[in-house]
Amino acid sequence: MKRTIPWTDSVDVISSDESSSSDSDLLIRRAEMYQDYMKHIPIPAQRGSAIPFSSWVGLGKSVKQLYRQPLHYLTNILLYKWDQQRIGSEDEYTPLDTMMHPCKAEATIWLVEEVHRRTSSHYHVAKIWQSDPMHHAFVDSIFPQL
């Protein structure tokens, strides 16, 4: 029978608390950079195009294309939730642009967007990202124009 040789080398052990703490710190830093960048994108002053739309998410996509801007993660989540709230309603399949004027709907998106860009805490954003493994699906690509 062979004896085991005592282990003399030190081994760094990372507890799950330390690992999750560093992951959390990284996520907070990413959210801080994201929020800082979004805060500096100006809300378009000249609006008024009547964009046809059947859903809030669809209007959001059109707004992003028309103004060549990302929408804030929290705005994208809200638009998605507004569409989800229609499920099962009497007007679920009625295009939204027949229920509300497209200019009002677009103005609503920009008002919400301004609140999210200017006042949201990066800690709040990071907390939501941490609880949602699919948060990337609602974060628009950010490509600054050079």
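Here the structure is a predicted model, which is why all the values come from computation and not from measurement.
Considering OG of Ser55 and CG of Asp97, their distance stands at 10.0 Å, rounded to 0.5 Å. Once rounded to the nearest 0.5 Å, the distance linking CZ of Arg118 with CD of Glu113 reads 11.0 Å. The CD atom of Gln85 sits 9.0 Å away from the CG atom of Asp83 when rounded to the nearest 0.5 Å. Going from atom CG of Asp25 over to atom CD of Glu32 covers 11.5 Å, rounded to the nearest 0.5 Å. Of the inter-residue distances, the one linking Gln130 atom CD with Leu27 atom CG reads 6.0 Å to the nearest 0.5 angstrom. The distance from the OH atom of Tyr123 to the OG atom of Ser24 is 10.0 Å, given to the nearest 0.5 Å.
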Intermediate values then yes/no, side chain to side chain contact (heavy atoms under 4.5 Å, CB included), Arg30 and Val139: CA-CA 12 Å; Arg30 287 181 57 220; Val139 177; over 6 Å; no
Please lay out, stage by stage, how His40 and Asp36 fare under the test side chain to side chain contact (heavy atoms under 4.5 Å, CB included). CA-CA 7 Å; His40 288 92; Asp36 186 54; 3.2 Å; yes
Steps toward side chain to side chain contact (heavy atoms under 4.5 Å, CB included) verdict (Ile51, Leu66): CA-CA 9 Å; Ile51 304 169; Leu66 182 64; 3.8 Å; yes
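The backbone N or O of Pro42 sits less than 3.5 Å from a side-chain atom of Gln69, completing a donor-acceptor pair. Checking side-chain atoms of Asp140 against main-chain N and O of Leu71 turns up a donor-acceptor pair under 3.5 Å. The backbone N or O of Ser121 sits nowhere less than 3.5 Å from a side-chain atom of His124 that would complete a donor-acceptor pair. Without hydrogens or angle criteria, Glu92 side chain to Gly88 main chain gives a donor-acceptor distance under 3.5 Å.
Closest approach of Thr108 to Trp82, counting heavy atoms only: CG2-CH2, 3.9 Å. Of all the heavy atoms in Arg117 and Met38, the pair that sits closest is CD-O, 3.3 Å. Arg86 and Asp91 get closest at one heavy-atom pair: NH2-O, 2.5 Å. Between Ile109 and Gly60 the shortest heavy-atom distance is CD1-N, 4.1 Å. Scanning all heavy atoms of the two residues, the minimum distance from Glu106 to Tyr67 falls at OE2-OH, 2.6 Å. Considering all non-hydrogen atoms of both residues, Ala105 and Phe53 come closest at CB-CZ, 3.3 Å.
When hydrophobic clusters are built by joining Ile, Leu, Val, Met, Phe, Trp and Tyr residues whose side-chain heavy atoms come closer than 4.5 Å, directly or via intermediates, Val112 is grouped together with Leu74. A continuous path of Ile, Leu, Val, Met, Phe, Trp and Tyr side chains, each step under 4.5 Å between heavy atoms, connects Val57 with Met99, placing both in one hydrophobic cluster. In the hydrophobic cluster analysis, where Ile, Leu, Val, Met, Phe, Trp and Tyr join through side-chain heavy atoms closer than 4.5 angstrom, Val63 is grouped together with Ile43. Linking ILVMFWY side-chain heavy atoms closer than 4.5 Å, directly or via other members, places Trp110 and Tyr37 in a single hydrophobic cluster. Met100 is connected to Leu59 through a chain of hydrophobic side-chain contacts under 4.5 Å among Ile, Leu, Val, Met, Phe, Trp and Tyr, so both are in one cluster.
At most 12 non-hydrogen atoms from other residues, nucleotides or ligands lie less than 6.0 angstrom from NZ of Lys61. Heavy-atom neighbours of Met134 CE from other residues, nucleotides or ligands within 6.0 Å: at or below the threshold of 12.
For Tyr34 and Tyr73, the gap between ring centers reaches or exceeds 6.0 Å.
In this structure the side chain of Pro70 reaches within 4.5 angstrom of the side chain of Ile41, judged on heavy atoms. The side-chain heavy atoms of Trp56 and Leu78, taken from C-beta on, include no pair separated by under 4.5 Å.
With no hydrogens or angles considered, a side-chain donor-acceptor pair links Gln35 and His72 at under 3.5 Å.
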